[in-house]
J.: 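For reference, the structure I am asking about is given below.
Chain letters run A, B, ... following the sequence lines, proteins first, then strands; residues in each count from 1. Heavy atoms only: backbone and side chains are in, while hydrogens, waters and symmetry mates are out.
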Amino acid sequence: MLRFFFQRLLWFAITLWVVVTVSFFLMRQVRGGPFDGERALNEAIERNIKARYHLDWPQWKQYLQYVGPLNLDDHGAQFLGGDGTDVFTGILVGDFGPSFKYRDFTVNDIIGQSLPISISLGVISLMWALLLGLSAGIASALWRGSTTDVALRLVATTGIALPNFTVAGFLVIFFVFTIPLLPVAGYGSWRHLVLPGFALGAPFAAYIARLTRTGMLEVLSQDYIRTAHAKGLPPRLVLLRHALKGGLLPVVSYLGPATAGILTGSLVIERIFAIPGTGSHFVNSALNRDYTLAMGVTILYTVLVYALNTLVDFAYTLLDPRIKLEES
Amino acid sequence: MRQTLAFVLLGGLGALALAIASSARLERADFTFNNGAEVSTLDPATVSGVPEGRVVRLLFEGLCVKDPKTLEALPGMAESWDLSEDGKTYTFHIRKEAKWTDGTPVTAYDFEYSWRRMLNPLTAAEYAYQLWYIEGAKHYTIFNDELEYIGDSETGHDFWIQEQANGRVRVGCVQSLLTSNLVGSFAGNRSPKSPLKHNVKEGADFLQHGTLMATPLGICEQEHWFPFALRDAKLNPDLPETIGALLDDPYNEKHWFAEFEVDAGALDAQRESGMIRNGKQYREEILDVAGLGLHALDDTRFEVTLEAPTPYFLDICAFYPVFPVSRKNIEDAKAKWPNSWELKWMRSENIVTNGPYAIEFRRVNDRIRVVKNELYWDADNVAMNTIDALAIDHLGTSLNLYLMGEIDWIDRPITNVIPRLMPREDFNPAPYLGSYFYRVNVTKPPFDDPRVRRALALSIDRQAIVTSITKAGEQIAYGFVPPGMHGYSLIEMEHGQDEATPELTFARHVEEAKALLAEAGFGPGGKTFPTFEIHYNTDQTHKDIAEVVADGWNRNLGLNVKLLNQEWKVYLDAQNSLDFQVSRSAWIGDYSDPNTFLDMFLTGGENNRTGWGNPEYDRLVGEAASVSDDKTRLWMLAQAEKILMEEMPILPIYYYVTRNLVNPRLGGFHANIQDEHFGKFWYWMSDEQLAERRAKQPADWEHVSAPGPAAGLYSPASQR
Amino acid sequence: MAGKNPKSWDLGGKNFEELASEAAKFKGESLWQDAWRRLKANRTAWWSLLFLGVFMTIAMIAPLMPIPSPVFLDLQLEPQPPIWPWTNFGTGGFEPQYWELSALDNFMVDTRVAIFGDWQTGPWLGTDGKGRDILSRIIWGSRTSILVSLAAAFCSLAIGVSYGAVAGYLGGRIDNLMMRVVDILYSIPFIFLVIFLITIVNEYRAELEDNYGIDRETVFYVVIGAVYWLTMARVVRGQVLSLRNQEFIEAARVLGASTARIVFVHLVPNVLSIVIVYLTLTIPAVMLFEAFLSFLGLGIEPPKVSWGILAVDGSEMVNPVKLYWWLVLFPAGAMGTTLLALNLLGDGLRDALDPKMRGRD
């Protein structure tokens, strides 16, 4: 058990290091810089700005400064406007630097403000997805081949068959313009999260429904279920106590990537519904060449995916006694 | 059991999520507008861009403000000003009642500080060049990295030297070091307002008479700092003046304070011994304050000396990047957070402002909320109590929020619905100081031939673009400088719009274009025209226009045209490095003068981006800048634009109009040529006022719902 | 083992040839035949397959059909609504105006002009803001979208299958390392990767086109495929891992087959079923991804048209002032039904190919 976690931790460190290094240098290979604007900067002014953010340093030095922990700036952390007393900087001491685009904020500020919003949206859509996906999946497994099954699968598949901005458009047409039930966009109360939560969760619900159906079908044909039926247990009990547990395994393993996807893939939904979450920073920071913010969200994503996958592996062992935490 | 636990856990998470979401609940502000993007900073000195400008104008006020209709400069923080006879020196009189939000008065020193700060290379202000009309300002901003370092970083006795071309050496240090050492040796009173000015002459004499080495001057006391200087230093003859300026300087910046003559070889010897080190790594700027034409004479008088008479200098004073910041605000932050003050002083909880509104809070990518500033000198005339500036970048969402009554003003409705908006009373496009055009890279054949560029320019169906794509009644452009500039008449390319209808004009243009291309050797019997690309940045309208233009060139001239969508930064980079053939462009004037358009295309200018240059053009635009007679000046600029329209490094398409969609109940909001709007004047009209406004409108305007307080939020009559 | 030479085996008194001919008489049901039979029995999947077949055919022969050009501009103030009933025909006359087409497409366009001449359908599904025919755009858009997704899917197939099979077969440390690489790649936010790759490709597009004859679209497919191979690799690796110790692989190894031969001749065919199932799921994902990129403005370049572009154009129209519903509904409908069919087909294929399902119902 302990060995498992240590190994995971080691791989985590390696993964993170690779991700940081690759993204750091990749980002700087792309054309355009953070301070290019419609009005070209006067050369002198451009040099001042670059010097202020250390963009005039060679890239390896910028990299070392970014990673830390030692502050390479001889004259102090002028990066942050300091007077030279900071000995440590960089991500190793948890300092992601100032955002190049939103200059009044550090990357830590921005992520700190937007992540809870994305999480609340993500949790709501995940609940939607689980609720709809599980019930649809179970129902269609139980009544396999029936009209209910076909209908449920049709509905579920529609969730994957349309881009989520189209789904969002239809939702807005129905629940805002036609029946004025919910606010059109914005953030500030639970009502603001209903439509985006649904639109964001729809494809995941569909996927969960499919996984549940497959998983349940497999389990329902196994001997121990037959035994349970044979013992005369009420069908509902068999379903809930025995079949569901095994049938849910594929869903559980999907939850890790799904959660990460929901948390970070909410870009489109956040834009359409004007929700100030992290999703928008994913693409915008790359488009703005906001190197520090882009690095920040990349690291956030990596950590999230890794943590969630580890958690899922862990949950797996709880659900399925046959699986041991293997050492890979 | 585990399942129950899982469900409980999920339920708890859900509840938490709802709690987080609900904790963000806000009362609707008195007035809400969509700013379109998160602002990059609240620091007026370092911003550029429309969204930032809107917020800065709510929070700060400059020496002048603009009239909301005519944009003429009106008294702001300065209640009046005098101009010297040579037109070069302004003396602004700051309002005595002007206060910062922390209660301290706004003084001339704040302005001096703010503008010096803006020019300081360390501030890295994008718009610093707007102040380069001031004497010595450009020189002050230029970053200097040919420095060497002498001193002792442990004790903080840092000195910087720079070898000059004439073999002399300049020496600079932080001002406090100089004054503590230098001034300490003089007798005399010291008052913070005019530190020892009367002693300067005496002090300079003191230095001049060769007593430098013997004096208790700190710089020379410790021999090892200036070994060469100790031997045969000769002081800068201008030193008295320099020191005078320095002693007057309360800003503790680093300055050059003296020039020395040095033994040949002395510097090299010191370099070898390691006494002098390369200063590049320290990234210091030594500022040349001596020649800078900025002086606070006392608390209320601020004197600005310009390089040359500049007719639009007052407009610049009303331009948001030059708005003042509170010196106390920044210095308090420096004291409190020595390592991160640059990120702390403008935080919404720390920032001190002087405008009609004060900041309440900021949520990244969501909104900035401002509240009425009760300490503002004209607070009686400010009607709104709270204003929200939202940062919604999705145009459809922004429009939907407006139509659902949750936002009161948006500036860019999606273009597809514009035909439906045109008859409405809340949508009134008005001329805007902007020009939409295509840049042509004149360095690459076949575009180096003006006939080719002319042919391309002629065969753009501008009328089709403005009626079916942009739709808001834009004026088609055959010139570059948009109409509406005072005293400047529209310049158009030859044979612009001279047939009875746009269709006829275009048909004739196409014929002309074919002839031009044939003349340039292309077309039937000639060379084939190479396939080329139109670059545009990601945007629906740009894409649509590019499609129409490409289609027109293909259909009418038989050219093979491809489109290339580029994301913003790549597009800019391609333009800057002339890595394009034809590239979509636009320019919005910074101020209401043709110069803001025409100085772009000076040879080698950083905004030129076409590779084009013309000496006569450069001469006209350059000389016009120093012509004080406005008529002559504008005539010269018009001649320059004619040259531009003959050579056509750019293909004009249309002149912008504003696209504001505003709640009809909003008062104090006026269309103007720069599309700048001033929160100070906004108020809600009562039902009666609204009815009155509607009675004056043309009868065929569609009335729309005008949510808002029925009783109105009145602004005193003096404002209206 | 005593008999490496098969001739020394005890053949029960018959010679080898006899046995072989006897065995050939039994017509065993191969996995594929079995799957095919079961697929036909699954009505949903069968109809999906037919639907997709028809759709693909239409997409392929789009230049032959009497529809207007998808890029012909007829500038109007507003999008024109659909015309019902679908009997009137366009008055404007056909303009054979397209982007650079392949030789085959050009030939088809010429044929179409020869057959139908000026004759073309009217705006049956309405037009967009620039007067372009929606029906035609949907059909032509399907070509791009189908091509993108097929190309990307096969790209992911090629990389994923080889990578996964090699890792699974070699096993041990190498497998571990290769799978960790996949893990790392999984953790890189691929949207960054795509943005970077697309911008870099844009930068070198001229060189690519001139020197290698690769156009941007091709690179676009490859980029998307390069993103989607990860899951494929995992799936294949898992399957191979369970196969590698089975007898037939053992036998091949004993017979001295090379690693490459074992992987690609013996292992890969045995994992194809799961790969095909996964492929039918990748294609919809790629189509949606193309739409997502279009939403960000990074998709296919106009004047070319794809479903992603149509869906984005449509989603811009959602507002209460004037809902140009035909711009939202028809592209969404086309995309929805196709992806639905693909998904249902995928489900059906999985049921049909799943060995555990064999012989049941």
Side-chain angles (χ1 to χ4, degrees), chain A residues 11 14-16 18-19 22-23 26-27 29-32 144-145 150 153-154 156-158 160-170 172-173 176-177 184 203 206 210 213-214 217-218 221 257 260 264-265 267-268 271-272 282-283 285-287 294 297-298 301-306 309 328, chain C residues 43-44 175-176 179-181 183-189 191-193 195-196 199-200 202-203 231 281 284-285 287-288 290-292 294-296 307-308 311-312 314-320 323 325 328-329 331-332 335-344 347 350-351 354 356-357 360-361:
Chain A
W11 274 110
I14 295 173
T15 309
L16 205 57
V18 171
V19 168
V22 170
S23 346
L26 197 64
M27 217 170 271
Q29 300 319 309
V30 182
R31 285 178 94 162
R144 184 176 182 211
V150 175
R153 280 167 63 200
L154 271 178
T157 322
T158 320
I160 323 184
L162 286 176
N164 51 8
F165 51 86
T166 308
V167 175
F170 283 125
V172 168
I173 292 174
V176 182
F177 301 154
V184 59
R210 294 166 58 115
R213 177 175 180 268
T214 323
L217 281 181
E218 196 161 309
S221 65
T264 53
L267 156 77
V268 171
R271 265 195 80 190
I272 289 181
F282 260 84
V283 171
S285 62
L287 294 181
V297 288
T298 310
Y301 180 90
T302 311
V303 172
L304 270 178
V305 172
Y306 212 93
N309 280 334
S328 71
Chain C
R43 266 186 308 152
T44 331
D175 172 39
N176 199 355
M179 282 301 113
R180 287 304 135 188
V181 171
D183 278 353
I184 291 175
L185 290 177
Y186 250 123
S187 308
I188 295 181
I191 178 66
F192 278 137
L193 215 63
I195 291 175
F196 290 139
T199 39
I200 287 171
N202 275 347
E203 203 169 326
T231 317
L281 299 179
M287 278 195 193
L288 291 183
E290 193 267 327
F292 172 65
S294 295
F295 183 82
L296 298 179
W307 282 352
V312 173
S315 76
E316 306 252 309
M317 302 293 172
V318 176
N319 66 75
L323 190 61
W325 55 270
V328 191
L329 195 66
M335 194 163 184
T337 40
T338 308
L339 295 199
L340 199 64
L342 267 169
N343 275 297
L344 293 176
D347 280 352
R350 192 192 30 226
D351 287 355
D354 189 347
K356 278 190 233 145
M357 298 296 227
R360 240 186 280 135
D361 56 35

J.: Less than 4.5 Å apart, side chain to side chain, heavy atoms only: is that true for F170(A) and V328(C)?
T.: yes
J.: Please flag which part of P320(C) lies under 4.5 Å from any non-hydrogen atom of chain A: side chain, backbone, both or neither.
T.: both
J.: Provide the closest heavy-atom pair for A311(C) versus T166(A) in the form atom of the first, atom of the second, distance.
T.: CB-OG1, 4.0 Å
J.: Quick check on L323(C) against chain A: is it the side chain, the backbone, both or neither that has a heavy atom closer than 4.5 Å?
T.: side chain
J.: Rounded at 0.5 Å granularity, tell me how far CH2 in W325(C) sits from CD1 in I173(A).
T.: 11.5 Å
J.: Can you name the side-chain contact (heavy atoms from CB on, under 4.5 Å) partners of V18(A), sequence neighbours left out?
T.: I14(A), V22(A), I184(C)
J.: Based on non-hydrogen pairs under 4.5 Å, which of L329(C), L344(C), V318(C) is most in contact with chain A?
T.: V318(C)
J.: List in chain and number order the residues that pass side chain to side chain donor-acceptor pair (under 3.5 Å) with N319(C), two or more places apart in sequence or in another chain; answer none if no residue qualifies.
T.: none
J.: Where does I272(A) contact chain C at under 4.5 Å (heavy atoms): side chain, backbone, both or neither?
T.: side chain
J.: So which part of L340(C) gets closer than 4.5 Å to some heavy atom of chain A, the side chain, the backbone, both or neither?
T.: both
J.: Given a strict heavy-atom distance threshold of 4.5 Å, which part of V312(C) is in contact with chain A: side chain, backbone, both, or neither?
T.: both
